[in-house]
Amino acid sequence: MAEKIAAKPRFIAFEGLDGSGKSTHAKLFCNRLNELSVPCVFNFEPTDQTIGRLIRQILSGEKKADPRTVALLFAADRIEHITGENGILENLKNGISVVSDRYYFSSYAYQTTAMPLEWVMSLNSQAKEIAKPDCHIFIDISPETCLERIYKDRKTTSDIFENKKSLTAARDNFMRIFEMTAKDEKVIIIDGNDEIEAVSKKVFDSLKPLFF
């Protein structure tokens with residue numbers, strides 16, 4: 001007998017350090033849903049829109065910006081991600097589930113390496129109010145392993161946060177913020193150290209109850 005598919009489209013946000021495999025697993029999960037006749041789109045942040053492209057230039061070191069400016073740009077890009085063409089709200093309205101590679105927890109974790117958490121959270125309060133994920137999946141890998149994977153794949157880093165100090169601070173922030181928001185947010189932490197197929201299965205098994 002075919003499994004009953006949930007009538008309500010879902011919004012899932014994937015989080016993790018750079019090099020954790022979160023993008024891979026977000027795409028794999030979205031593809032699996034589509035194979036199972038659950039309409040799903042994969043989105044990512046920063047987006048490929050105007051603000052998102054500017055953010056990527058800053059992250060790559062091509063352009064310079066104050067940390068406050070970066071936090072504001074991320075919050076603005078996120079609103080465009082939510083409300084823009086093929087954005088979160090449009091897809092959910094059309095009955096299509098959304099899987100996002102990064103969302104506001106990334107801002108909480110990365111921007112607060114330089115800025116107060118309360119301020120960063122306030123910048124993203126509208127995003128949370130308009131489009132709160134049904135679940136956040138955090139692919140957990142040590143900063144050291146993330147850097148090994150980054151260098152193996154690219155031979156060099158291409159992001160101002162791709163260093164041990166920044167990644168360690170970001171992971172510590174993720175864990176602290178998950179604990180702080182435990183009563184308000186659904187977060188599932190997945191050990192990302194296994195082979196891709198094993199991690200993908202853990203992701204699917206964890207999220208399956210939301211869809212079937």
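Quick caveat: nothing in here was measured; it's all calculated off a predicted structure.
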Participant: Just so I know, are the side chains of I82 and Q126 near enough to count as touching, which here means a heavy-atom distance under 4.5 Å?
Facilitator: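 Not in contact.
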
Participant: Out of curiosity, L33 CG to K208 NZ, how far, rounded to the nearest 0.5 Å?
Facilitator: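 It comes to 11.5 Å.
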
Participant: Do R149 and C146 make a side-chain contact, defined as non-hydrogen atoms from C-beta onward lying under 4.5 Å apart?
Facilitator: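 No, every pair of side-chain atoms sits at 4.5 Å or beyond.
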
Participant: Report yes if some heavy atom in the side chain of E80 is under 4.5 Å from a heavy atom in the side chain of T47; otherwise report no.
Facilitator: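 Side chain of E80 against side chain of T47, heavy atoms only: no contact under 4.5 Å found.
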
Participant: Under a 4.0 Å threshold between the charged nitrogen and the carboxylate oxygen, would R56 count as salt-bridged to D77?
Facilitator: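 No, no charged N to carboxylate O under 4.0 Å.
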
Participant: For the side-chain contact (heavy atoms from CB on, under 4.5 Å) test, which of L73, I58, I55, L54 pairs with P46?
Facilitator: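 It is I55; the other options fail the test.
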
Participant: Side chains of M175 and F138: does their closest heavy-atom pair fall under 4.5 Å?
Facilitator: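 M175 vs F138: side chains touch.
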
Participant: So does E197 get a backbone contact from the side chain of S200, meaning a donor-acceptor N/O pair under 3.5 Å?
Facilitator: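 Flag not set: sc S200 to bb E197 has no pair under 3.5 Å.
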
Participant: Looking only at side chains, do S23 and D101 share a donor and an acceptor under 3.5 Å apart?
Facilitator: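 Yes - a donor-acceptor pair under 3.5 Å links their side chains.
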
Participant: Can you get from L207 to L28 by hopping between Ile, Leu, Val, Met, Phe, Trp and Tyr side chains that sit under 4.5 Å apart?
Facilitator: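 Different clusters: L207 never reaches L28 through Ile, Leu, Val, Met, Phe, Trp or Tyr contacts under 4.5 Å.
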
Participant: Please check if any side-chain donor atom of S142 sits under 3.5 Å from a side-chain acceptor atom of T145, or the reverse.
Facilitator: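 Per modelled atom types, S142 and T145 side chains form a pair under 3.5 Å.
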
Participant: Do you know which two heavy atoms are closest between L167 and P143, and how far apart they sit?
Facilitator: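 Heavy atoms only, the tightest pair is CB-CB, 3.9 Å.
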
Participant: Does the K202 side chain pair with the main chain of D191, one donor and one acceptor, at a distance under 3.5 Å?
Facilitator: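 Flag set: sc K202 to bb D191 pair under 3.5 Å.
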
Participant: Using a strict threshold of under 4.0 Å (side-chain N to carboxylate O), is an ion pair present between D205 and K201?
Facilitator: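 A salt bridge links K201 with D205.
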
Participant: Going through the distances and angles, do F211 and F29 end up as a ring-ring contact (aromatic ring centres under 6.0 Å, His included)?
Facilitator: CA-CA 12 Å; F211 293 89; F29 180 70; 5.6 Å; yes

Participant: For the backbone of F14 and the side chain of R102, can you confirm whether one donor and one acceptor N or O come within less than 3.5 Å of each other?
Facilitator: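 No, because the side chain of R102 does not come within donor-acceptor range (under 3.5 Å) of the backbone of F14.
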
Participant: Between the main-chain N or O of Y110 and the side-chain N or O of T113, is there a donor-acceptor pair closer than 3.5 Å?
Facilitator: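 Yes; at least one donor-acceptor contact below 3.5 Å.
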
Participant: Nearest 0.5 Å, please: how far is OG in S106 from CG in D18?
Facilitator: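 So the CG of D18 and the OG of S106 are separated by 8.5 Å.
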
Participant: With side-chain hydrogen bond (donor to acceptor under 3.5 Å, both in side chains) as the test, would you mind laying out the steps for E45 and Y104 before giving the verdict?
Facilitator: CA-CA 10 Å; E45 293 185 357; Y104 50 68; over 6 Å; no

Participant: May I ask you to decide if L117's main-chain N or O and T112's side chain share a donor-acceptor pair within less than 3.5 Å?
Facilitator: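 Such a contact is absent between T112 side chain and L117 backbone.
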
Participant: Return the OG to NZ distance between S206 and K186, rounded to the nearest 0.5 Å.
Facilitator: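 So the OG of S206 and the NZ of K186 are separated by 8.5 Å.
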
Participant: Within the structure provided, determine whether H25 and I196 are in side-chain contact (heavy-atom separation under 4.5 Å).
Facilitator: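 In contact.
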
Participant: Side chain to side chain contact (heavy atoms under 4.5 Å, CB included), that's the test. Do D184 and K128 meet it? Break it down for me.
Facilitator: CA-CA 11 Å; D184 186 45; K128 181 177 178 178; 2.3 Å; yes

Participant: Which value, rounded to the nearest 0.5 Å, describes the distance between L92 atom CG and N94 atom CG?
Facilitator: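 Here the interatomic distance stands at 9.0 Å.
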
Participant: Got V98 and I96 here, is their nearest side-chain heavy-atom distance under 4.5 Å?
Facilitator: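 No - every pair of side-chain heavy atoms lies 4.5 Å or more apart.
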
Participant: Do the rings of F212 and F204 sit parallel, tilted or perpendicular, given the 30° and 60° boundaries?
Facilitator: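 Because their plane-to-plane angle lies in the 30° to 60° range, the rings of F212 and F204 count as tilted.
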
Participant: Nearest heavy-atom pair of P9 and G95: which atoms, and what distance?
Facilitator: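 Nearest pair, atom of P9 first, then G95: CB-C, 3.8 Å.
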
Participant: Do side-chain atoms of R53 reach the backbone of D48 as a donor and acceptor pair under 3.5 angstrom?
Facilitator: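 Yes, because the side chain of R53 sits within donor-acceptor range (under 3.5 Å) of the backbone of D48.
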
Participant: In the structure I gave you, are the side-chain heavy atoms of C135 and V187 within less than 4.5 Å of one another anywhere?
Facilitator: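 When only atoms from C-beta onward are counted, V187 and C135 do not touch, as no gap falls below 4.5 Å.
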
Participant: Under 3.5 Å, is there a donor-acceptor pair between the side chain of R78 and the main chain of A127?
Facilitator: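 Absent.
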
Participant: Would you say the side-chain atoms of Y103 and N43 include a donor-acceptor pair closer than 3.5 Å?
Facilitator: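 No, N43 and Y103 have no side-chain donor paired with an acceptor closer than 3.5 Å.
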
Participant: Could you walk me through whether F105 and F174 pass the ring-ring contact (aromatic ring centres under 6.0 Å, His included) check?
Facilitator: CA-CA 7 Å; F105 269 120; F174 270 120; 7.3 Å; no

Participant: Is the shortest side-chain N to carboxylate O distance from K22 to E15 below 4.0 Å?
Facilitator: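 Answer for the salt bridge query: no.
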
Participant: To check you understand the geometry: which heavy-atom pair defines the closest contact between S100 and H81, and what is its length?
Facilitator: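 Heavy atoms of S100 and H81 come nearest at OG-CE1, 3.2 Å.
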
Participant: What are the two closest heavy atoms between S107 and V120, and how far apart are they?
Facilitator: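 Smallest interatomic distance, heavy atoms only, reads O-CG1, 3.6 Å.
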
Participant: Using every non-hydrogen atom in the two residues, find where S20 and I141 come nearest and quote the distance to one decimal.
Facilitator: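 In terms of heavy atoms, the two residues are closest at O-CG1, 3.6 Å.
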
Participant: Search all heavy atoms of A131 against all heavy atoms of L89 and return the closest pair with its distance.
Facilitator: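 Closest approach of A131 to L89, heavy atoms only: CB-CD2, 4.5 Å.
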
Participant: Measure the spacing between CG of D140 and CD1 of I189 and express it to the nearest 0.5 Å.
Facilitator: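 Spacing of CG (D140) from CD1 (I189) equals 6.5 Å.
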
Participant: Is a side-chain donor or acceptor of E129 paired with a backbone partner of S125 at a separation under 3.5 angstrom?
Facilitator: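 No, the answer is negative, given that no donor and acceptor are paired below the 3.5 Å cut-off.
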
Participant: Any donor-acceptor pair under 3.5 Å linking the side chain of D134 with the backbone of I12?
Facilitator: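 Side chain of D134 to backbone of I12, a donor-acceptor pair under 3.5 Å: no, none is there.
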
Participant: Got a donor-acceptor contact below 3.5 angstrom from the D66 side chain to the R68 backbone?
Facilitator: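 Looks like yes, one N/O pair under 3.5 Å.
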
Participant: Would you say the side chain of F74 lies within less than 4.5 Å of the side chain of L123, judging by non-hydrogen atoms?
Facilitator: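 No, their side chains stay 4.5 Å or more apart.
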
